[in-house]
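Below you'll find the structure, written out as structure tokens, and then a few comments.
Just so it is clear, the model here is predicted, and its values are computed rather than measured. Starting from 1, each residue takes its place in the sequence as its number.
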Amino acid sequence: MARHLITSALPYINGIKHLGNMVGSMLPADVYSRYLRQRGHDVLYICATDEHGTPAELAAKEQGLPVDEFCGQAHDAQKAVYDGFGLAFDHFGRSSSAQNAELTQHFARKLNENGFIEERAIRQVYSPADGRFLPDRYVEGTCPHCGYDKARGDQCENCTRVLDPTDLINPRSAISGSTDLEVRETKHLFLLQSKLQVEVEEWIARTAGEWPQLASSIARKWLTEGLHDRAITRDLDWGVPVPADTWPELAAEGKVFYVWFDAPIEYIGSTKEWSDQSPADRDWKSWWYEADDVRYTQFMAKDNVPFHSVMFPATEMGVREPWKKVDYLKSFNWLTYYGGKFSTSQKRGIFTDAALEILPADYWRYFLIANAPESDDSSFTWEHFAATVNKDLADTLGNFVNRVLSFSRKRFGDDVPAGKEAGEAEAKLGTEIAGLLAEYEAQMEALQFRKAASALRALWSAGNSYLEEKAPWLEIKTDPEAAALTLRTAMNLIHLYAVVSEPFIPASSKAMRGAFALADDTAAWVTPEQAKALDTVPAGTAFTVPPVLFAKITEEDLESYRERFGGAAE
């Protein structure tokens, strides 16, 4: 079986993420990782918190904490939420790790040796009151385009226009609030991306053909506009230090690497963190260095695509070492909240910790993947969420499981009934299930998540159609053996659903699988050919009726959700 390396865009450290962040990177990566593991592949799923940059320093300042302490607490808080969502990372690291610092400095030295880093003098805002140069986000003021009075020196959050700190009207320090600002000359390191343009273009031409159109079009747009040399250092107290053995003057001034330089390297750094936990059993380098047998898939929202499709590959090329580059970049559009943007800073929308307070993770996992913003932006509304949960999870799957097991226990006791031999209806059902399962596999292999969810839903619906056709509640009156066959077949469907639904709804799948006291229930997957037989759960197997898998969302529930989170009734 193949070796699959999977990474999802690193969630930034400043606060709990919203549902748009979840569906745009980490959740689909988890679904795909789980599926590949079940199919027998060697999978390594790596992620980490992105901890450097000005927002981390500012967030720590707001809380009155040292930035390293703030990041440690925030990392643990995020990890707890991701555990609650059932994200099965092999390792969830930190970009502030010693491993990432070591690798980032290694990459910088190699780029410098190969002529791809240059020291340049630039003019930058300086605050005498703070005694330091101010990176772009440390300068706030009024946007010259829309008049928003809390625009940052890199971008106006209100109108989204890209800015320079010197563009702002009435600029002030985000640290002290001082308006006594000057523009002074200072030196920074620049990555000479312009010298790598041709190499990146050739690589994109070879690689991006199978990527989603969203990812490949963004990469080609950036290349068409031309790669520009980019500053990769900042004047911050928190970050990977510029190594003194290579740039002693800049190191003495306290320069650190720009967060977008070190953050992608943390994919490798986090893998080394994982390996260093058990070095006798794990070889991080085999996943990244001369790793021709590895297929590398990245997951991210569209705003992260330029950095991963162009900037990080350019960095990897420039070091002139055989580091693994992405094979498939799965990109997503936005999930909106009633048509507007989710916003961490403005606290607009549903955040992942609050989501888990309301309902178990499987409700969210299924809804988000079934409505993933793959081809276009998709909108979250409470009405759509409730309709999906009630129809697909509560009625189609949950009700099927409950009524089959409850009816069988009532009529035949606590063991799977035997009944007649399978007949024409069961053979027809087996063929239908095999075809639907093959479709589900094909869509999962193609990373088409909405289509995969549709195929999974069709599998669940097939069981309901079979049950309605056979009507064991009527069969029991005239032919108990026929009713027993129907229920035994339906129980085998429940077990099949438990196995193949696990990537989407792992907790519910575990509950369904645990309902049957099978002595040797070790199958990781069910192939379409195996599914035809529907004989995994034989007659005589003891079973229990699990608690209700999915409760319906009522209108009263919706009213309380809208009151708490906003969103008008449709």
Side-chain angles (χ1 to χ4, degrees), residues 4 6 8 17 19 21-47 78-92 297 299 352-353 355-372 385 388-389 392-394 396-398 400-402 437 440-441 443-445 447 449-450 452-457 459-460 463 493-516 518 521-526 531 536-537 544 546-551:
H4 287 267
I6 295 172
S8 51
K17 304 299 109 178
L19 293 183
N21 299 129
M22 178 63 71
V23 74
S25 59
M26 290 174 285
L27 181 55
D30 178 73
V31 170
Y32 187 55
S33 298
R34 286 176 176 275
Y35 170 76
L36 291 175
R37 290 190 191 105
Q38 286 187 263
R39 301 306 306 274
H41 297 291
D42 187 7
V43 177
L44 186 65
Y45 177 23
I46 294 293
C47 194
Q78 286 198 27
K79 180 60 164 59
V81 172
Y82 304 145
D83 288 344
F85 264 85
L87 302 184
F89 305 114
D90 287 285
H91 186 69
F92 185 70
T297 307
F299 290 80
T352 48
D353 56 347
L356 294 178
E357 292 174 11
I358 296 170
L359 291 166
D362 282 359
Y363 290 67
W364 302 104
R365 288 178 64 103
Y366 177 78
F367 173 82
L368 291 171
I369 294 296
N371 297 280
F385 176 69
T388 300
V389 167
D392 294 355
L393 295 179
T396 305
L397 178 61
F400 177 80
V401 172
N402 184 263
L437 183 55
Y440 176 54
E441 289 179 350
Q443 299 301 342
M444 289 293 281
E445 296 286 346
L447 287 87
F449 291 101
R450 292 180 71 145
S454 179
L456 182 60
R457 187 187 309 118
L459 274 167
W460 300 341
L493 277 176
I494 292 171
H495 187 270
L496 182 144
Y497 295 161
V499 175
V500 302
S501 303
E502 193 265 349
F504 281 70
I505 48 173
S508 305
S509 292
K510 183 178 180 180
M512 286 188 282
R513 196 161 181 166
F516 302 100
L518 292 170
D521 189 13
T522 59
W525 193 252
V526 182
T536 304
V537 183
T544 57
V548 174
L549 293 177
F550 301 100

Quick one: sort the [X] and [Y] rings into parallel, tilted or perpendicular, breaks at 30° and 60°.
X: F89; Y: Y45; answer: tilted
X: F92; Y: Y82; answer: perpendicular
X: F299; Y: Y32; answer: tilted

Please assess D90 against R37 for the test side chain to side chain contact (heavy atoms under 4.5 Å, CB included), listing each intermediate value before the final yes or no. CA-CA 12 Å; D90 287 285; R37 290 190 191 105; 2.9 Å; yes
Using a 4.5 Å cut-off on heavy atoms from C-beta on, say whether the side chain of [Y] contacts that of [X].
X: H495; Y: M512; answer: no
X: Q38; Y: V43; answer: no
X: F400; Y: L549; answer: no
X: V537; Y: L518; answer: yes
X: V81; Y: F85; answer: yes
X: Q78; Y: T352; answer: no
X: D362; Y: L393; answer: no
X: R39; Y: E445; answer: yes

Enter the distance from [X]:[atom1] to [Y]:[atom2] here, rounded to the nearest 0.5 Å.
X: I6; Y: C47; atom1: CD1; atom2: SG; result: 12.0 Å
X: L456; Y: Q443; atom1: CG; atom2: CD; result: 12.0 Å
X: F385; Y: L19; atom1: CZ; atom2: CG; result: 8.5 Å
X: M22; Y: D30; atom1: CE; atom2: CG; result: 9.0 Å
X: F367; Y: D392; atom1: CZ; atom2: CG; result: 10.5 Å
X: N402; Y: I494; atom1: CG; atom2: CD1; result: 9.0 Å

What pair of heavy atoms forms the shortest contact from [X] to [Y], and how long is it?
X: P546; Y: A515; value: CD-CB, 4.1 Å
X: S8; Y: A29; value: CB-CB, 4.0 Å
X: Y363; Y: V389; value: CD2-CG1, 3.5 Å
X: L493; Y: G463; value: CD1-CA, 3.6 Å
X: Y440; Y: A452; value: CD1-O, 3.3 Å
X: V499; Y: A524; value: CG1-O, 3.6 Å

Non-neighbouring partners of K79 that pass salt bridge (Lys or Arg N to Asp or Glu O under 4.0 Å), sequence neighbours left out: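 Residues passing salt bridge (Lys or Arg N to Asp or Glu O under 4.0 Å) with K79: D83.
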Apply the test side chain to side chain contact (heavy atoms under 4.5 Å, CB included) to residues V500 and E441: give CA-CA distance (whole Å), side-chain angles for both, the deciding distance (0.1 Å), then the verdict. CA-CA 9 Å; V500 302; E441 289 179 350; over 6 Å; no
Would you check if the side chain of R365 reaches a backbone N or O of P503 as a donor-acceptor pair within less than 3.5 Å? yes
Is the side chain of R450 donor-acceptor paired with the backbone N or O of A372 at a distance under 3.5 Å, no angle test?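 Judged by distance alone, yes, a pair lies under 3.5 Å.
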Go through L397 and Y497 one step at a time and tell me if the side chain to side chain contact (heavy atoms under 4.5 Å, CB included) criterion holds. CA-CA 9 Å; L397 178 61; Y497 295 161; 3.9 Å; yes
Would you check if the distance from the ring center of Y366 to the ring center of W460 is below 6.0 Å?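 Y366 vs W460: aromatic centres under 6.0 Å.
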